[in-house]
Number of protein chains: 2
Amino acid sequence: MAKRSYQQHCALAKALDLVGERWTLLLVRELLTGPKRYKQLIENLPGMGTNLLAARLRDLQGAELVAHDGTSYSLTERGAELEESVVALARWGSAALAEPIDGELWRASWNVIALKYAFRSDLAKDVVGVIEYRIDDTRVQARIKNGTIATSAEESWKPDVVIEANGETLLALSRGELKPKEAEASGALAVSGDRRLFRSSLRVFRAK
Amino acid sequence: MAKRSYQQHCALAKALDLVGERWTLLLVRELLTGPKRYKQLIENLPGMGTNLLAARLRDLQGAELVAHDGTSYSLTERGAELEESVVALARWGSAALAEPIDGELWRASWNVIALKYAFRSDLAKDVVGVIEYRIDDTRVQARIKNGTIATSAEESWKPDVVIEANGETLLALSRGELKPKEAEASGALAVSGDRRLFRSSLRVFRAK
DNA sequence: CCGGATCCGTAACGATACTG
DNA sequence: CAGTATCGTTACGGATCCGG
């Protein structure tokens, strides 16, 4: 049975033919932070049937967007090029990120995407350093240099400043809804290391 | 009945909750080139049932992404902010744009999106002018200034150069697979007006 | 236990017919 | 023209089962 296609000679339609089905871009999101095993994927995608995950992985391998080495799945180069699209959609969707709803899943690793879409290159021209966020025992790093950003879900670099907080606090900070002083005073936020870099980070990462 | 949701506290998941369903982003693509009537939409989205189009339009109005004035549908400001995401996905998908397959739909207005994703701001710093493409009787304009681009599916500006060709020819040109001289000699391409701006356009619009 | 495959009920989709 | 109604088909979602 041929796969369902929009049958349009249009770049957007071609993209959606490949990654427009339910769950697919969330699966890509998971793999953007590094190779994952089947079990890890199913844990971060509750509600997705195991059969469906297997089918998606098979299709994505067929499209050469995902590779499988026997133990874990990873994005191919072409698959990783979806990052721009994922980040653009997440930037748009971030406006709809309200208070976490009861029962909603949350993973610290998703903040790697948040760092990308919240990063304001134009405000970061003279910022240099490695920032490590510690969110519920998960560490996420951002390396800023020359107005560019690199991120990692592992401990890839030696951090200049370490910022500990939960997801809600970080979101409120990046939106300017919460003052760092207050957050630190209340114990919701802890900063150690280069405080100047921390202050720069508040300027450089801006949700809307 | 509550609408199906990913139930994740994640910006990407929120975006996909709103516009991740089948046909939705293609519908947004149609509205990105200006307000459209119901009939125009259904004509550019063959395969989509009329009931489904009506349901999508209703949902999008509920999410305040689309407005309806009685005769035509248009994007709200928030809806128009999806352009970045649509362009990013189209840029990624453009690599999969091969020869048009028999039976595939094609619309000249989709080239407005193509102009956006193919535009190389860094190569356009000193390019100024209005380019009009005439593709199968449809006119698409691009206005370039200071490394930025504005596009239009209507005749919004007075063109400095007019480029006539079909979609395949333009795609081949933008990919560098076809030389302008040959295209003009064969009659597949006609250029009138500022030829210098035409040459600049070949540099500035680059598919991959 | 991991990595699926199989089965089956439900919801979404797609085509067509019909209506104000 | 702009939808609604209906209905068959496909995709999804949950549970269970199975081989390594």
Side-chain angles (χ1 to χ4, degrees), chain A residues 1-8 10 12-13 16-31 34-63 66-75 103-105, chain B residues 1-8 12-13 15-31 34-63 66-75 103-105:
Chain A
M1 195 75 76
K3 219 184 118 189
R4 188 155 68 171
S5 157
Y6 288 113
Q7 309 227 81
Q8 297 190 351
C10 161
L12 176 65
L16 294 174
D17 276 344
L18 289 167
V19 298
E21 292 173 286
R22 189 163 169 77
W23 293 108
T24 302
L25 283 178
L26 293 186
L27 175 52
V28 169
R29 174 197 67 192
E30 291 305 309
L31 295 178
K36 299 273 181 306
R37 303 183 63 125
Y38 188 91
K39 193 196 177 190
Q40 298 176 282
L41 293 171
I42 212 71
E43 281 172 357
N44 285 359
L45 301 169
M48 185 181 199
T50 62
N51 53 345
L52 192 53
L53 174 56
R56 289 281 184 276
L57 287 168
R58 212 181 308 117
D59 291 346
L60 289 172
Q61 287 175 73
V66 163
H68 182 35
D69 69 0
T71 65
S72 62
Y73 294 90
S74 59
L75 292 174
E104 270 190 350
L105 189 71
Chain B
M1 196 75 76
K3 219 184 118 188
R4 190 155 69 171
S5 157
Y6 288 114
Q7 308 229 80
Q8 298 190 351
L12 177 65
L16 294 174
D17 277 343
L18 289 167
V19 297
E21 292 173 284
R22 190 163 170 77
W23 293 108
T24 302
L25 283 178
L26 293 186
L27 175 51
V28 169
R29 174 198 67 192
E30 291 305 309
L31 296 178
K36 299 273 180 307
R37 303 182 63 124
Y38 189 90
K39 191 193 180 189
Q40 298 177 282
L41 293 172
I42 213 72
E43 280 173 357
N44 284 359
L45 301 169
M48 186 181 199
T50 61
N51 54 347
L52 191 53
L53 174 56
R56 289 282 184 277
L57 287 169
R58 214 180 305 120
D59 291 346
L60 289 171
Q61 286 175 74
V66 163
H68 183 35
D69 69 359
T71 65
S72 62
Y73 294 90
S74 59
L75 292 174
E104 269 190 349
L105 189 71

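Please read all numbers here as calculations on a predicted model, not as lab measurements. Throughout, a chain's letter reflects where its sequence line sits, starting with A, and its residues are numbered from 1.
Defined by atom type and a distance below 3.5 Å, a donor-acceptor pair is missing between the side-chain atoms of Gln61(B) and Arg56(B).
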**Request:** Show the numbers, then the answer: is there a salt bridge (charged side-chain N to carboxylate O under 4.0 Å, His left out) between Glu21(B) and Lys3(B)?
**Result:** CA-CA 11 Å; Glu21(B) 292 173 284; Lys3(B) 219 184 118 188; 3.4 Å; yes

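If you measure from atom CG of Leu16(B) to atom C1' of dC12(D), you get 16 Å, rounded to the nearest angstrom. Straight-line distance from the CD1 atom of Ile42(A) to the P atom of dC2(C): 12 Å, rounded to whole Å. Atom P of nucleotide dG13(D) and atom CG of Leu45(A) are separated by 11 Å, given to the nearest angstrom. In this structure, CG of Leu53(A) is placed 16 Å from P of dT6(C), rounded to the nearest angstrom. As a whole-Å value, the separation of Arg4(B) CZ from dC13(C) P is 7 Å. As a whole-Å value, the separation of Gln7(B) CD from dG14(D) P is 10 Å. Between Leu52(B) atom CG and dG8(D) atom C1' there is a gap of 16 Å when expressed in whole angstrom units. Spacing between atom CZ of Arg56(A) and atom P of dA5(C) amounts to 14 Å, rounded to whole angstrom units.
Residues forming a side chain to side chain donor-acceptor pair (under 3.5 Å) with Arg22(B) (at least two apart in sequence, or on another chain): none.
In this structure, of dC13(C), dG3(D), dG4(C), it is dG3(D) that holds the atom nearest to the side chain of Tyr73(B). Of the candidates dT4(D), dG14(C), dC13(C), the closest approach to any side-chain atom of Tyr38(B) belongs to dT4(D). Checked against dA2(D), dC12(D), dG3(C), the side chain of Arg37(B) finds its nearest nucleotide in dA2(D).
Between the side chain of Tyr38(A) and the backbone N or O of Leu53(A) there is no donor-acceptor pair closer than 3.5 Å.
OP1 or OP2 of dG14(C) sits under 4.0 Å from a side-chain N or O of Arg22(B). Distances shown here put every side-chain N or O of Trp23(B) at or beyond 4.0 Å from the OP1 or OP2 atom of dA12(C).
Atom OH of Tyr6(B) and atom CG of Leu26(A) lie 5.0 Å apart (nearest 0.5 Å). To the nearest 0.5 Å, the span separating CG on Leu57(B) from NE2 on His68(B) amounts to 8.0 Å. If you take CG on Leu41(A) and CH2 on Trp23(A), they are separated by 12.0 Å, rounding to the nearest 0.5 Å.
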**Message:** Across nucleotides 15-20 of chain C, 5' to 3', mark each nucleotide with B, S or - according to how protein heavy atoms within less than 4.0 Å reach it.
**Reply:** BBB---

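Comparing Lys39(B) and Glu21(A) by the nucleotide of DNA chain D that holds the closest heavy atom to each, the one mapping nearer the 5' end is Lys39(B).
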